[in-house]
Amino acid sequence: MQVVALDVTDLASVKAAASQLDGQAIDLLLNNAGVGGPRNETIGSIDYDAWAKVLNVNTMGPMRVSEAFVAHVARSDRKLIVALTSGMGSIGDNASGGAFAYRSSKAALNMVMRSLAIDLAPRGITCVVVNPGWVKTDMGGPRGIMSPAESVTKLRHMFEDFGERHSGKFFNHDGREYTW
């Protein structure tokens, strides 16, 4: 295993990282960068510059990374691209509103991955979005329902099973398909 640093908001950084791994195969490309953005915003007090930064990290970042590393994934045996999304990115599961920047960035990420699944199908690449659950992290806070280790264990089991039949779908950390 090799660790390569990159900044998902900087195209030159992403391309440089992909270049460092030129010719190598990547079985699983996991897009997991994410930021929460402003908290407790209300109508009339939206920070649009902060919203743009959230979209840049949460939506365009995974697209930059996926695009830069698609050849690496295509030459692998697994051919799997996974993006960590959020239940908050589900339009069908939004009953509480608010969190405009975060929710819209994750809903947009879901659409990016759905489109990638269609566009990359001829190359045999599977693209999936997964909600890791409400995890006790800096973003998830202390009220989260599981530890990072618990979430990762569940996700790893799911990743082992993912194949072409899963491409273009949205899954919850418990393995069930999530509502868009």
Side-chain angles (χ1 to χ4, degrees), residues 1-35 55-90 105-137 139-140 146-178 180:
M1 179 167 72
Q2 182 177 356
V3 176
V4 179
L6 62 85
D7 176 350
V8 301
T9 66
D10 179 358
L11 184 58
S13 171
V14 173
K15 286 183 175 182
S19 179
Q20 286 181 30
L21 300 175
D22 190 39
Q24 295 185 37
I26 296 176
D27 284 323
L28 167 62
L29 180 65
L30 178 61
N31 287 295
N32 69 335
V35 294
L55 286 166
N56 194 20
V57 173
N58 294 358
T59 307
M60 291 186 285
M63 183 64 193
R64 283 186 199 96
V65 171
S66 297
E67 185 177 33
F69 286 92
V70 72
H72 300 79
V73 175
R75 73 173 57 93
S76 76
D77 293 329
R78 289 289 317 277
K79 295 181 167 89
L80 179 60
I81 300 176
V82 175
L84 295 188
T85 187
S86 171
M88 290 179 72
S90 166
S105 73
K106 291 302 187 171
L109 170 62
N110 295 349
M111 184 58 77
V112 163
M113 291 299 290
R114 175 74 177 207
S115 291
L116 280 174
I118 294 165
D119 292 356
L120 298 178
R123 297 175 81 172
I125 297 175
T126 297
C127 300
V128 180
V129 290
V130 176
N131 170 26
W134 188 10
V135 183
K136 294 176 188 174
T137 62
M139 189 185 308
M146 70 182 101
S147 71
E150 290 170 308
S151 178
V152 168
T153 297
K154 290 178 180 192
L155 296 179
R156 289 183 71 183
H157 286 104
M158 291 174 56
F159 296 168
E160 290 172 11
D161 187 47
F162 282 156
E164 288 184 39
R165 73 183 191 279
H166 299 97
S167 199
K169 296 183 179 178
F170 180 0
F171 291 94
N172 198 36
H173 61 89
D174 60 9
R176 68 181 165 84
E177 200 165 336
Y178 211 93
W180 288 104

Within the 4.5 Å heavy-atom criterion, are [X] and [Y] side-chain neighbours or not?
{"X": "Lys169", "Y": "Glu177", "value": "yes"}
{"X": "Asp161", "Y": "His166", "value": "yes"}
{"X": "Leu116", "Y": "Met113", "value": "yes"}
{"X": "Val73", "Y": "Leu80", "value": "no"}
{"X": "Leu30", "Y": "Phe159", "value": "yes"}

Could you pull out the closest heavy-atom pair between [X] and [Y], with the gap in Å?
{"X": "Gly89", "Y": "Asn110", "result": "O-ND2, 3.4 Å"}
{"X": "Asn58", "Y": "Lys106", "result": "ND2-CE, 4.0 Å"}
{"X": "Ala18", "Y": "Ala68", "result": "CB-O, 3.5 Å"}
{"X": "Cys127", "Y": "Ser167", "result": "N-OG, 3.0 Å"}

Which residues pass the ring pair (Phe, Tyr, Trp, His ring centres under 6.0 Å) test with Phe170, sequence neighbours left out?
Tyr178, Trp180
Starting at CD1 of Ile81, measure out to CZ of Phe162 and round the result to the nearest 0.5 Å.
13.5 Å
Rounded to the nearest 0.5 Å, what separation is found between the CE atom of Met158 and the CZ atom of Arg176?
10.5 Å
Please check: side-chain N/O of [X] versus main-chain N/O of [Y], any donor-acceptor pairing under 3.5 Å?
{"X": "Asp27", "Y": "Asp77", "value": "yes"}
{"X": "Lys79", "Y": "Ser76", "value": "yes"}
{"X": "Thr85", "Y": "Val130", "value": "no"}
{"X": "Ser115", "Y": "Met111", "value": "yes"}

Residues in side-chain contact (heavy atoms from CB on, under 4.5 Å) contact with [X], at least two apart in sequence or another chain:
{"X": "Ala16", "result": "none"}
{"X": "Leu21", "result": "Gln2, Val4, Gln24, Ile26, Phe69, His72"}
{"X": "Ala74", "result": "Arg123, Ile125"}
{"X": "Ala107", "result": "none"}

Heavy-atom count around Gln20 CD within 6.0 Å, excluding the residue itself: above 12?
yes
Assess whether atom NZ of Lys154 is packed by more than 12 heavy atoms of other residues, nucleotides or ligands within 6.0 Å.
yes
If you look only at distance, which donor and acceptor atoms sit under 3.5 Å apart when one is on a side chain in residues 59-66 and the other is two or more places apart or in another chain?
residue	atom	partner	partner atom	Å
Thr59	OG1	Ser105	O	2.7
Arg64	NH1	Val8	O	2.8
Arg64	NH1	Asn56	O	3.4
Arg64	NH1	Asn56	OD1	3.0
Arg64	NH2	Asn56	OD1	2.5
Ser66	OG	Asn31	ND2	3.1
Ser66	OG	Pro62	O	2.8

